[in-house]
Amino acid sequence: MAEIINLRQARKHKARAEKEVRAQENRIAFGRTKAEKNLSRAERDLAQSRLDQHKRDDNEKP
């Protein structure tokens, strides 16, 4: 036979698990120092500028 479960408790358990996942994501995103944020921003900007330098200009003829 199938196991009998309480749907109310199952929904609450699922909601708690989803809330914990969101909390963990927020800890990662917002729980950093200003120096860490600046470093991440600088690394992202450097990577973007390197990518932009390798782009081809479609207006040029080969």
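Since the model is a prediction, treat every value here as computed from it, not as a measurement.
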Residues His54 and Arg50: closest non-hydrogen pair is CD2-O, 3.0 Å

What's the separation between atom CD in Gln53 and atom CD in Gln48, rounded to the nearest 0.5 Å?
10.5 Å

Sole candidate of Gln24, Glu20, Glu18 that passes side-chain contact (heavy atoms from CB on, under 4.5 Å) when paired with Arg22:
Glu18

Within the 4.5 Å heavy-atom criterion, are Arg41 and Arg44 side-chain neighbours or not?
yes

If every non-hydrogen atom of Asn6 is compared with every non-hydrogen atom of Arg8, which pair is closest and at what distance?
OD1-N, 3.0 Å

Note: Arg32 and Lys37 closest approach over all heavy atoms is O-CE, 3.5 Å

When rounded to the nearest 0.5 angstrom, what is the spacing between CG in Leu7 and NZ in Lys14?
12.0 Å

